[in-house]
Structures are given as C-alpha cells and as structure tokens.
Asker: 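Can you keep this structure in mind? I'll have questions shortly.
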Amino acid sequence: MSTETQLRAIVENPALSAAQKARRLALAAENLLAYPELDAETQAALDARVICDMYEGAAPYRPRYLLPDFSVVLKRGSEFLELPAPQTFDEALHTLQIAYHHTPSITGMPVYIGRLDELLAPFCNDVSDGELRAKLKLFWRYVDRVLPDAFLHANIGPTDNRVARAILEVDAELQQIAPNLTLLYDPATTGDALLEMAIGNIAACNKPHIANHSIHAATFDARGYGIVSCYNALPLAGGSATLTRINLRKVAEGSRDEADFFATQLPRAIDLNFRLTEARVNYLFERSGFFESFLVEEGWVDKDRFTAMFGVFAMAEAVEALQAKASRAGRYGHDERANALGLRISEALAGAVEARPVKHLWRGRAMLHAQAGLSDDKGLTPGLRIRYGDEPDPVTHVLALARQHKFYPSGVSEILTLDETVRANPQALTQLCKGALASGFREFTANVAGADLVRVTGYMIRLSDVKKFNEGLGSRANTTGLGAEAADLTGILERRPRVIPHEFVSREN
Amino acid sequence: MNSSRAKISRVYPFSVVDGPGARLAIFLQGCQFRCAICHNPHTQGICDDCGLCVPACPRGALRLESGRMEFRADLCDHCDACLRACPIDANPMAQDMSVDDLLALMRRYRPFLEGVTVSGGEPTMQLKFLAWVGQGMRETPELQGLTLFVDSNGHLPESGWRALAPHFDAAMIDVKALDPALHRRLTGFDNARPLASARWLKWAGKLYELRAPLIPGVTDTDAALDALAGFVRELGADQRLRLNAFQRHGVKGEAANWPAMTRERLEAAAARLRGQGLENVATPSVYLG
C-alpha cells in the first residue's frame, strides 16, 4: 500500500473519531522516518518477531511510560503551566486534571495519575466524607470520559485512610474502565479492613489489583515507585523509556534442545533484544529532545529515573516446546518438572539482564518484565502465565508460578479466574490474596466469572453448556449420546475460565 | 508419624462452598446412602478392581496390575470416561492417602487456608481416619488456627459423634426430608439418625449448618417446608440453614428426569421459611436450572 493510500484510508475511515484519526496519522508519519539504526542481525530478528518493539514507532519522542511526581505541582504549582500551588481540595483536583494533559506516554494519554490518597491527603482536612465522595465521583467521571484509556492507572495505599476508602466506594459504584486501580498492600500497615473493602470491590467489578507493597518498596528506592498500565512497577518521578520483548516460544522452537536453548539461543535473543533496546533508548535520550521539557526542569520527572522494560512472553509455549523436544509430557502450570524448567528460564533471563549495563537508564540497568500481550498474539500466552483454559485451581496456580515472580522487578501478573460462587464468600478471596502475596506474588489480580461459568463440587462447568445438555436430555441414555457427551465434557474441561485480558491492545496502542 | 490410610476421591485446595472462608476440601470415597439426587454418584462405591474402566480411559492412565487398579494421575486429563464406565459408582481415580499425606498437603496450602473440610462420599464412614486427621492437625504447629469441618449425611450414630468430638470443630448435616417415608425414598435410609445427629451436634456446639436440598414438588411442598422450619426452630431460630437448589448435572437414574429448581421457586421457599421465624437461611449464589 502506498503511503498516500495508507494515510487516506485513515482519514476516510468512518469508524474513527477525529482524535483517533489524528493519533493514527501521527504514528503513520512517525513510521515514515528511518528507524534508529540497527545492525543487520538485530533487524532480522525484529523482522522475524523473535524480538519485538511493541510497535512503539520508528522515532521514540517520549518515554513509553511516564510516572510524574505530581506532588511537585501540588506543592509548588507550575511556572510553565502558569499554575499557582493549589490550596483547597477542589484546586488540587483541578490542578491534577490539568497536569494529566501534559504527561504523555506511548498511548498518547497518561498511564499514571498518581498515588491519589497520599497526594490529596493534605487538602482533605476541611472536607467531609460526603463531600469527598461527591467530588471524587466527578473527578472519576472526568478521568473516564476525557482520558478513556484502561491503561491509565491510579494507585492507593498502603495506609488505610479516608481518601482510599472514598475512592474504593466511588470506583465500585461507577464501574468504569478508567482509571485502572491498584491498592498497594502491606500486611504491616494496610490492615485487614481496607483489604477486605478492596476484595469486596473485586467481587463486584474485578478491580482493584492488589500490589505486594513490601516487595516493590524493596525493589525501588526512597523516592518510590508506581504501578502503571498493566501491572508495571516503575520508578516514581521517572518511568520506562521503552518496552521490548522476546518471544520465548520462537527461541525455544529454534533451539535443537534444552542445552542449545540455554547455552546459545536464549543468550543470543537476549543480546539482540538488548541491541534493540539500546537503539531506542539512545534515540530518546540523545535525539528526541524530550528531556529538555518543563517536566524535567520543574522536577516532575528526573532524567536519571527511567529504566527500560526488558519483556518476555510465551513462557508457556516455550516450556511446552522444550518439553516436547525432550519427549516429556508434563504441562506448564501442572507438572513440577515443567514448572522447574520455567523457573530456570526466568533465572537465566534475570541473570543476563542484571549483568548488562545500559547507558542512560536508572541504576544503569534494564528491568526484566513479564509482558502481558498484544491483541494479535494469537496462540501465545502473555508473560509467564499458564495457557488460558488450562489453568489449575487458583491455589495450585499460585504455587506453580510464585517462585518466578522475584525475577521480574518491573512487573509480572497472573489473572486468577474464580467462579462466581466466591461472591458469597469474599473471606475466601481475601485469604487467597493474602496467600498469593505471602507466597511471593508481586501482584494479585482476580477475575470473578460473570455468570456462565461455575464450579460445582470440584468441576468447572458452563451454565450455557448445562442448558444445552439439559435440553438434549432425551438422547442421553444411548451410547452415542454418552460418547458425544464425553467429547463435550472434555471440551468443557479445556475451556476452563476464559479470560479476556484487560491489557490486550490493538497494535496502534 | 501416622500412616493410617483412607480412600480419597479428590482433594480441592480452594473450596469456597464447603464452609466459611477458603478451605481445603477433602472428598472421601464411599457412602452408605444411595441418594436419587446425588450429583457425585461416583463417590458412593468402593472400587473392587474389576478393571471395566481400563479400556474406557483414552489416555491410558488406568491399568490392572496384579489384580489391583493402578491410576497414573500425570496422564489423566479428567475426562471422567472411567466414571461413566464404572458399574458400581466407584472412582478408579480415588487415591489411597495417609494421614501424613494429608497433613503435608495442609502445610503446603496453609497460607491460603482458613480451614479444612472433609466431605465425600460420607467421610464418617472412615471415622478413625478422621479422628487421626483432626488430632494430627492439632499436633502440627504450622496448622494451628485451621478449623476442621465435617460435611456429613448425618447417618453416624451419636456414639460416633462423641468419639469424633475432640477432633473436629463443626459439622454440616444434610436434612433431606423430615418425612421418614420421603427420606427413605430419597436416600434408602430412615431419617432418625440424621435428625439425631443434628440435635446432638447442636447440643455440643458443633453444628455449623443444616443443608436441605430443595427439589420442586418433592421437598419444597408447603408441608415439607413447614416441617423443616419446625425442626430448625426446635434447634434454634438462628441456626444456619443452607438451601441447595436441586439440579440434574451428574445425577443418574430416575432423578435425572426431575425438573431442576429455579431461582424464583427457591426464593419463594426461603421466604416461607423466613416467614416462620428462621433467621439464618442461606440461598445459592448460582443456579444451573
């Protein structure tokens, strides 16, 4: 397709809003530029999608993820934006609303809107609980309608406080896609009451996520961290310059055997992905001019606090491929040996990422990340997750993967899918969360099934399947019917809780 | 060290429907009752090593070895073809497990648990084993704080409950029908023992929940509901009563043709029971209609 045709197709696409067209035109224009220079080997691996740049664009002109320290503008105002320091709760919210429009990310919208309870606490003294809720409700509606992006993320916690509580109340009431929400949880400071309130919200609307604060706090420094976009943990007042990723399935499939994978193919893919990362990081820091912005001058972000996320995905398929090459049957997520192989891969990745200095980055290093997928990753499981439809019960699920989490400081997530009987027993969900975090999970996300899928005394079944089954009851007695039913039930078992990951994005995002 | 063993049909590490909080559910194999409405009939019988299920398994996970059934869990994909092939409602996948095996599982799952529930089948058919499990839990430091619940058909005589009492925290007892004739029709047994079990457990402070299966036109008639309300009031109006909606999934035989319980009908029954003074009536969160 010629450039003209391609641009024309965007302009004339009736399904896109003007703003969406503008965004796509910008990306198309960016991609007319030459890519940051890559050597031939790296280019070939990128073309073959063994490594991947997430289609971020050919000329990085802003960091992928930006985590501004909004306390700066709330305390001092902004000379550049001609904003005085806010004095009241209303002024604080108003200042934040303005600030969000000046904090870009790869999506064109902010991915981080702050640890809101901590930011707003100084302005709340004269605000009643009722006013707090009413004002936050308008603020929440503003965020969802003006910045409608599910990657946009608010944080609360780890202390139990009235702003955090009001936010949870408002969030459960409105059930919007934006902002996404994470409660930073620390058993020592958060307390059971706030956790239980958050768990009640999960049962109602699958939000918030619960982050393992003590693990994250120890990974970062005194300036702090934030959880943004899809479960990414990054330095506050900084962020991530870029996100690149290795398709572990392709690396495994291209290996002769396990030994070749560990000795040659994986180290090679890691090296190539580093070269891709470095090319993009260097362009952003040395050519883009981003760091000459007022955000740096006024101290919203610090040029030295940006890492690069070194992503991997399709661990499940990689382990399966290596198991098959070794003629072993055990499945990832179910078999001790398969899980141990996954752990060994993670260990190798973490060692390699930690060993390689990268210019410009926070602490001079990239950070390993279990990348949660793109919408066109067909047949590839995000990050380290167990293949969808093949998950064991949630406790076995947690125990299968918990040991890997420590290797992924910039983020790793599993989605635990629970049938809706748990709604009548939120206490159990709280215990699952505590157990997962105590076992080393960096982050807890649960998805409570809507209506179709339930566990009955040990089995998962789909209500719609049962309905069909019941309707065909007359033919159940004959053997043909039983055979069909067996196939059907096997099918049911292969279609265990179905998850539509919230983080699935189109290429353009 | 305790190597006393029992037939375990299945262990489920995250049960949210077998008592309060998150529980390890241990389903023991074998039940005296032959309930028409049982939706896990494969937990009733005890495998007699007949081998009829071996050719039914598409994965080769079952074989007869020196006259004994052997099951390879690593090959099984839970298609349940063996259960359909079994002529005596047993489960060739049931595993022999020792008290120590179960205690090891509890330690493994401890961070995720508030308690353990033994269910079945009818767990009290392996009474001594239950007592060992309860005693083992008390004597294991890492398992302190976990409660042990027993989910029972109530057929155990009072002497049995007395013997088990020091070793468990509370029980859930089925009250399938107050009318003895109907109870016999539904289960094959009289209801005197289940009712006596409920009374004794209440007296002992160990009755967590009564469970009543509501079957349209069978156990949800006005007369049946009123009798149920009377029995619960006798124990105490605040006694927790859980209503289960009859559904046909897994049910074999005559009851597979009975109509399933609907939400509307069950809510009406719950309203009638509450109207008669019952203060703690729990209804299902899910209906399979």
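A, B, ... follow the sequence lines: proteins, then strands. Residue 1 opens every chain.
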Asker: How many angstroms lie between atom OG1 of T430(A) and atom CD of E114(B), to the nearest 0.5 angstrom?
Answerer: 8.0 Å

Asker: Using every non-hydrogen atom in the two residues, find where A428(A) and G21(B) come nearest and quote the distance to one decimal.
Answerer: CB-C, 3.6 Å

Asker: Main chain of V16(B), side chain of Q427(A): is a donor-acceptor contact present, judged purely on distance under 3.5 Å?
Answerer: no

Asker: Would you find more than 12 non-hydrogen atoms of other residues, nucleotides or ligands less than 6.0 Å from R337(A) atom CZ?
Answerer: no

Asker: Distance from L416(A) atom CG to F14(B) atom CZ, nearest 0.5 Å?
Answerer: 8.5 Å

Asker: Specify the closest pair of heavy atoms between P20(B) and N425(A), including all atoms of both residues, with the distance to one decimal.
Answerer: C-ND2, 4.3 Å

Asker: Can you say whether R23(B) sits under 4.5 Å from chain A via the side chain, the backbone, both, or neither, judging by heavy atoms?
Answerer: neither

Asker: Only pairs of heavy atoms separated by less than 4.5 Å count here; which of P394(A), A438(A), A424(A), C433(A) has the most with chain B?
Answerer: P394(A)

Asker: Write down the atom of T396(A), the atom of P13(B), and the distance for their closest heavy-atom approach.
Answerer: OG1-CG, 3.8 Å

Asker: Which atoms of L113(B) are under 4.5 Å from chain A, going by heavy atoms: the side chain, the backbone, both sets, or neither?
Answerer: backbone

Asker: Could you grab the distance from atom CG of L399(A) to atom CZ of F112(B), nearest 0.5 Å is fine?
Answerer: 4.5 Å

